[in-house]
K.L.:
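Pasting in a structure now, in structure tokens, and then I'll have a few things to ask.
Below, chains carry the letters A, B, ... as their sequence lines are ordered, and counting in each starts from 1.
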Amino acid sequence: MLDIRLRKQLGDFTLDVAFTAESGLTALFGPSGAGKTLIAQMIAGLLPPDEGHVRIGERLLFDSEKKINIPVQRRNIGFVFQEHRLFPHYTVRGNLDYGKGRPRKAGRIPFQRVVDILGIGDLLGRKPASLSGGERQRVAIGRAVLSNPGMLIMDEPLSSLDEGRKSEILPLIEELKSEFNITTLYISHSIGEITRLADTLLLLDKGEMKATGQTADIFSRLYLMPYAGGPEAGTLVEATVADYDRSHHMLILDTPGGGRLYLIGDEKEVGTPMRLRIRASDVAISLKKPAGLSILNRFKGEVADNCAGAPGMEELLLDVGFPLAARITRKSFEEMGLRKGTPVWALVKAVTISRS
Amino acid sequence: MTISPAEIEVILLSLKVAIWCVAVSFIPALLVAWLLARRDFYGKTLVTVLVHLPIFLPPVVVGYFLLVTLGNRGVIGGWLHEQFGISLIFNWKGVVAATAVMAFPFIVRALRQAIEAVDKNLEVAALTLGRSPLMVFLTITLPLIAPGILAGITLGFAKALGEFGATITFVANIPGETQTLPLAIFTLLQTPDAESALWRLVIVSVLLAFAAIALSEWLARRSQARLGGR
């Protein structure tokens, strides 16, 4: 669906990447300065690559060898920027309608449905200056979606918002994604956003692709950690609902390895798949089978890999039927005599597990 | 205090010249302002210098240049005269040409500052929504520089009403043909016992200035209000 190869030299910085991505939502993830926004700009036609090609579906938008360079306005790529970039002299409705002249192959995306999902129906007559930050960004997302793009690029669309606004808008993006199924490149340095939205993950650092693949696969690989950013590093676990303990308001899930996983939550139908995130710093390790502990989630396994983390820290990858990242102190690591292959019990407090 | 028909003729001619001056210079000024604000091209410095020259040259010198180039034997004037039978010498069209050249740099400066103040990111966003660069200019850039357009028009209008040196050098001071307000006042100053007529035209000049400033302030406030609030 997306077939991209880009090379660009900017001063000392070299960007050289090639990747393909299926339809659905592909996340481009990496620390700031990795070159994420450059890639977005080159795909959209806002910046010419030195070399390479950009192909979306059947359409070749850029090819340095064939001297093809379709201008921005004919690339049919909707763009949601970090800042809202709403037109100050148009009303919300005027902004939403601005891109509707775009020709389309598939059916038109219905105006009312998008407005309903984003909850901006009451704002249509207002000017951007009178909107709050969250409202503006919702309108900006609606404007890009309503331009009937063949592809959507979202360049850190939530980075200018506070946590409260972010958690309001994230589910809306999720809903737009499932309702209209527009091929989307989502750029972010927030793990929370990516684990929740992305089907495919591209991991970028210093102008190079470090890994590409299914989001859950990549997340469980230890080498993600230095990029995954300090306290938020962790593992994604795909589990299915096996049972519900109504009196304790507790979901019981089957993990890929067969172990049981407990977490607080509302009742769900048996068999419902859930994607959970377990932070590495929430995982404790025991050499013996634990007893007399409040911790409910106990997985038997072994140390699969380890590396030194931040000063005084050790990053471990455990195999407990599924890969699980753990972060412990260097002191514990040494005193417990842990090494590759050491059988261990991994302990995770149910209250720390979050739905991704 | 009554205004004589001759004085009314002077006032109407001045207004006609000022309106034509702005009408003729506006589109070229917009083009030049956009080029200077948004494009890098070979010879940009030369264009900048040429555009701004009338601000720094004595108006008499500008008038002399106009006489040499636009006169009936001038390079451009001669061609206009032969091809189209248009003569700028000693008539109101010549006054428009003189005031337009003198007002041009002021209009360009106002427009250029306005265009430079427009957030280019908005234009980029409009392109990603599938509109052509021309449509983006008409629907985004132009409305956003509306206050600058007003400022440019007002400045150009005021410059045309007040222009003296280039006009009198290029097309002389002919009552009913090229005699605008400042030229008429200049004549009255040299006429004995014309105090009352002189004062009438001075008062008219002041009133016109007030009206122009008030109108542009009002329009500027209206266009500002369009950007804010509900």
K.L.:
Among B:Leu144, B:Leu129, B:Thr139, which residue meets the side chain to side chain contact (heavy atoms under 4.5 Å, CB included) test with A:Phe87?
P.N.:
B:Leu129
K.L.:
Got a sec: does the CZ of A:Phe19 have more than 12 other heavy atoms crowding it under 6.0 Å?
P.N.:
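Above 12, so yes.
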K.L.:
I need the B:Leu122 CG to A:Glu83 CD distance, nearest 0.5 Å.
P.N.:
9.5 Å
K.L.:
Side chains of A:Tyr90 and B:Ile140: does their closest heavy-atom pair fall under 4.5 Å?
P.N.:
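The answer is yes, as the side chains (C-beta and beyond) meet within the 4.5 Å cut-off.
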K.L.:
What part of A:Arg85 gets within 4.5 angstrom of chain B, counting heavy atoms only: side chain, backbone, both, or neither?
P.N.:
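Contact with chain B involves both backbone and side-chain atoms of A:Arg85.
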K.L.:
Other residues, nucleotides and ligands only: do more than 12 of their heavy atoms fall within 6.0 Å of CH2 on B:Trp34?
P.N.:
yes
K.L.:
At a heavy-atom separation under 4.5 Å, does A:Ala144 approach chain B through its side chain, its backbone, both, or neither?
P.N.:
backbone
K.L.:
Just checking B:Phe65: does its CZ atom have more than 12 heavy atoms from other residues, nucleotides or ligands closer to it than 6.0 angstrom?
P.N.:
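Open: at most 12 neighbouring heavy atoms sit under 6.0 Å from CZ of B:Phe65.
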K.L.:
Would the number of heavy atoms belonging to other residues, nucleotides or ligands and lying under 6.0 Å from CZ of B:Phe41 be above 12?
P.N.:
yes
K.L.:
Could you tell me if the side chain of B:Val124 sits less than 4.5 Å from the side chain of A:Val72, heavy atoms only?
P.N.:
no
K.L.:
For A:Asp162, is the CG atom crowded, meaning more than 12 foreign heavy atoms sit under 6.0 Å from it?
P.N.:
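Yes, because the 6.0 Å sphere around CG of A:Asp162 holds more than 12 heavy atoms from other groups.
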K.L.:
Please classify the contact between A:Leu46 and chain B as side chain, backbone, both or neither, with a heavy-atom cut-off of under 4.5 Å.
P.N.:
side chain
K.L.:
When you look at CZ of A:Arg74, are more than 12 heavy atoms from neighbouring residues, nucleotides or ligands closer to it than 6.0 Å?
P.N.:
no
K.L.:
Are any side-chain N or O atoms of B:Arg131 and backbone N or O atoms of A:Tyr98, one a donor and one an acceptor, separated by less than 3.5 Å?
P.N.:
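Side chain of B:Arg131 to backbone of A:Tyr98, a donor-acceptor pair under 3.5 Å: yes, one is there.
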K.L.:
Inspect the surroundings of CD in A:Glu65 and state if more than 12 heavy atoms from other residues, nucleotides or ligands are less than 6.0 Å away.
P.N.:
no
K.L.:
Can you say whether A:Leu86 sits under 4.5 Å from chain B via the side chain, the backbone, both, or neither, judging by heavy atoms?
P.N.:
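Looking at A:Leu86, just its backbone touches chain B.
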K.L.:
Is it the side chain or the backbone of A:Arg143 that comes within 4.5 Å of chain B heavy atoms, both, or neither?
P.N.:
both
K.L.:
Atom CD1 of A:Ile77 and atom CG of B:Leu127: how far apart are they, to the nearest 0.5 Å?
P.N.:
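Taking CD1 in A:Ile77 and CG in B:Leu127, the distance rounds to 13.0 Å.
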